[in-house]
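Report on one structure; see the data block that follows.
Worth knowing before you read on, the calculation uses all heavy atoms, side chains too, and leaves out hydrogens, waters and symmetry mates.
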Amino acid sequence: MFEITALIEAYLAKNSARQVPAKKLLLSPGEYCDHTFYVLKGLIRYFSVDTKGNEHVLQFAPEGWFIVDRESMFFKNTSNFFIESLEDSEVLALNEEFLKGFCQNHTEFVEFNNILLHNHIRHLQNRVNELLSLSAEERYLNFMKLYPNIISRVPQSMIASYLGLAPESLSRVRRNLSRKKLK
C-alpha cells in the first residue's frame, strides 16, 4: 500500500510547507478552491454560514488529514464554504496539476487516492445517516471516536455545530454521559 510519507517527501522536494496562523481563511465563499490541503501540524475546519449567520461545520482536519472543497476544485465552481485554520498550522497545499502529475509518475498513488476518495464518500454517507437517525448522545460518542484528539482543541460551539445541535443540547449530552460514567 502506498504511504502518504512518499507524497509528502515528493512534494517537499519541490515546495515547502505553508505556515498558517490560527483563524486564517484558506478559502472563502465565492472563491475557487485550487488546492487540497494536507495538515502536517495544527487543525483546520471546513464550514458554511447560513443566511441567519449560523455556522455549520462539515469537517475538522487534524494532523494527517486532507481537506478540500471537492465541488469547487474538481467541478470548477465557486465555493460556498470556508476553510479556516483553528490553530497555528502547517499545511501542504497540493494543486490539481501536482496531483495529476504525481498520479502519472506514481501509479500506486492512484490507488491510494481512490481509497481516500471512497473513504471520504463513506464518511459523508455515515454522517448523513447519523444526523437523520441517531440520538444526540450517539452522535457525540461517534464524534469522539472519529476525532479523539481534538475535543479539547475545539470550542464546544463548533462541536455542537458539527453534530447539528445547539450548544446547550451538547452540554446536556455531556452532562448525561458524565452521570452515566459515575454510576
Side-chain angles (χ1 to χ4, degrees), residues 2 4-128 131 146-147 150 153-155 157-159 161-164:
F2 184 79
I4 193 60
T5 52
L7 169 66
I8 293 169
E9 289 170 10
Y11 191 79
L12 288 175
K14 295 181 182 179
N15 303 280
S16 59
R18 209 160 124 184
Q19 302 298 317
V20 181
K23 300 185 190 296
K24 170 83 173 160
L25 289 175
L26 300 170
L27 179 69
S28 295
E31 297 177 349
Y32 288 94
C33 185
D34 53 5
H35 290 90
T36 295
F37 299 100
Y38 178 77
V39 182
L40 293 166
K41 185 182 110 187
L43 182 61
I44 310 290
R45 73 174 172 148
Y46 178 60
F47 70 103
S48 65
V49 178
D50 66 24
T51 57
K52 295 178 183 177
N54 299 314
E55 292 183 359
H56 303 282
V57 177
L58 280 78
Q59 180 188 354
F60 293 102
E63 294 83 1
W65 284 50
F66 288 92
I67 194 161
V68 61
D69 180 341
R70 290 181 182 280
E71 179 183 8
S72 179
M73 185 162 180
F74 297 102
F75 296 101
K76 309 298 183 220
N77 295 328
T78 57
S79 183
N80 294 315
F81 300 97
F82 293 90
I83 295 178
E84 177 189 41
S85 60
L86 295 176
E87 302 173 345
D88 290 341
S89 300
E90 186 176 356
V91 300
L92 293 178
L94 309 168
N95 65 32
E96 189 175 6
E97 182 179 306
F98 172 81
L99 291 171
K100 284 180 181 176
F102 201 81
C103 285
Q104 289 173 350
N105 295 324
H106 300 86
T107 54
E108 67 276 17
F109 179 70
V110 175
E111 180 183 345
F112 174 77
N113 194 41
N114 196 34
I115 290 169
L116 278 180
L117 178 59
H118 288 293
N119 191 48
H120 180 73
I121 293 167
R122 177 183 64 150
H123 170 73
L124 291 174
Q125 288 174 325
N126 288 336
R127 177 114 191 273
V128 169
L131 288 170
L146 181 63
Y147 295 114
I150 71 165
R153 297 164 62 185
V154 177
S157 60
M158 288 183 195
I159 295 172
S161 169
Y162 177 88
L163 296 171

Note to self: As a test of understanding, state which of Ser48, Pro29, Ser28 forms a side chain to side chain contact (heavy atoms under 4.5 Å, CB included) with Phe81.
What the structure shows: Ser48
Check: Where do Thr36 and Leu99 come nearest, in terms of heavy atoms and distance?
Finding: OG1-CD1, 3.9 Å
Notebook entry, point to check: Any side-chain donor-acceptor pair under 3.5 Å between His118 and Asn114?
Noted result: yes
Notebook entry, point to check: Hey, is the main chain of Gly42 close enough, under 3.5 Å, to the side chain of Glu63 for a donor-acceptor pair?
Noted result: yes
Item checked: Least distance between heavy atoms, Ser79 atom then Ser72 atom -> N-OG, 3.9 Å
Next item on the list: Report the distance from atom CD of Gln19 to atom CG of Asp88, rounding to the nearest 0.5 Å.
Entry: 8.5 Å
Check: Just wondering, do Val68 and Cys33 contact through their side chains at under 4.5 Å, heavy atoms?
Finding: yes
Next item on the list: Can you measure from CZ (Phe66) to CG (Asn119) and round to the nearest 0.5 angstrom?
Entry: 11.5 Å
Next item on the list: Any chance you could measure Met158, atom CE, to Ile150, atom CD1, to the nearest 0.5 Å?
Entry: 10.5 Å
Checklist line | Straight-line distance of Cys103 SG to Glu108 CD, nearest 0.5 Å | finding: 10.0 Å
Note to self: If you define the side chain from C-beta out and look only at heavy atoms, does anything of Phe37 sit under 4.5 Å from Val20?
What the structure shows: no
Next item on the list: List the atom of Arg127, the atom of Leu163, and the distance in Å for their closest heavy-atom pair.
Entry: NH2-N, 4.5 Å
Next item on the list: Assess whether side chain to side chain contact (heavy atoms under 4.5 Å, CB included) is satisfied between Tyr32 and Asp34, documenting all intermediate values.
Entry: CA-CA 6 Å; Tyr32 288 94; Asp34 53 5; 5.5 Å; no
Notebook entry, point to check: Can you tell if the side chain of Val39 reaches within under 4.5 Å of the side chain of Leu43, non-hydrogen atoms only?
Noted result: no
Next item on the list: Report yes if some heavy atom in the side chain of Val91 is under 4.5 Å from a heavy atom in the side chain of Ile44; otherwise report no.
Entry: yes
Check: Roughly how far, to the nearest 0.5 Å, is CG of Leu94 from NZ of Lys100?
Finding: 14.5 Å
Next item on the list: Using modelled atom types only, decide if a donor and an acceptor are shared between the side chain of Ser161 and the backbone of Glu55 within a distance under 3.5 Å.
Entry: yes
Note to self: Using modelled atom types and a 3.5 Å cut-off, is there a donor and acceptor pairing between side-chain atoms of Asn105 and backbone atoms of Gly101?
What the structure shows: yes
Notebook entry, point to check: Where does the angle between the aromatic ring planes of His123 and Trp65 fall among parallel (under 30°), tilted (30 to 60°) and perpendicular (over 60°)?
Noted result: perpendicular
Next item on the list: Output, in order, the C-alpha distance, side-chain angles, deciding distance and verdict of side chain to side chain contact (heavy atoms under 4.5 Å, CB included) for Phe60 and Arg153.
Entry: CA-CA 11 Å; Phe60 293 102; Arg153 297 164 62 185; over 6 Å; no
Check: Does the side chain of Leu26 come within less than 4.5 Å of His35's, by heavy atoms?
Finding: no
Note to self: Tell me which one of Leu116, Val110, Ile115 satisfies side chain to side chain contact (heavy atoms under 4.5 Å, CB included) with Phe112.
What the structure shows: Leu116
Notebook entry, point to check: Got a salt bridge between Glu84 and Arg45, using NZ or NE/NH1/NH2 to carboxylate O under 4.0 Å?
Noted result: yes
Next item on the list: State the NE2-CD distance between His120 and Gln125, to the nearest 0.5 angstrom.
Entry: 10.5 Å
Check: Do the ring planes of Tyr162 and Tyr147 sit parallel (below 30°), tilted (30 to 60°) or perpendicular (above 60°)?
Finding: perpendicular
Next item on the list: Taking all non-hydrogen atoms of both residues into account, name the closest pair between His56 and Leu58 and its distance.
Entry: O-CD1, 3.2 Å
Note to self: Is it the case that the side chain of Ser85 and the backbone of Lys24 share a donor-acceptor pair, with hydrogens and angles ignored and the cut-off at 3.5 Å?
What the structure shows: yes
Checklist line | Any donor-acceptor N/O pair, Arg70 side chain to Leu117 backbone, under 3.5 Å | finding: no
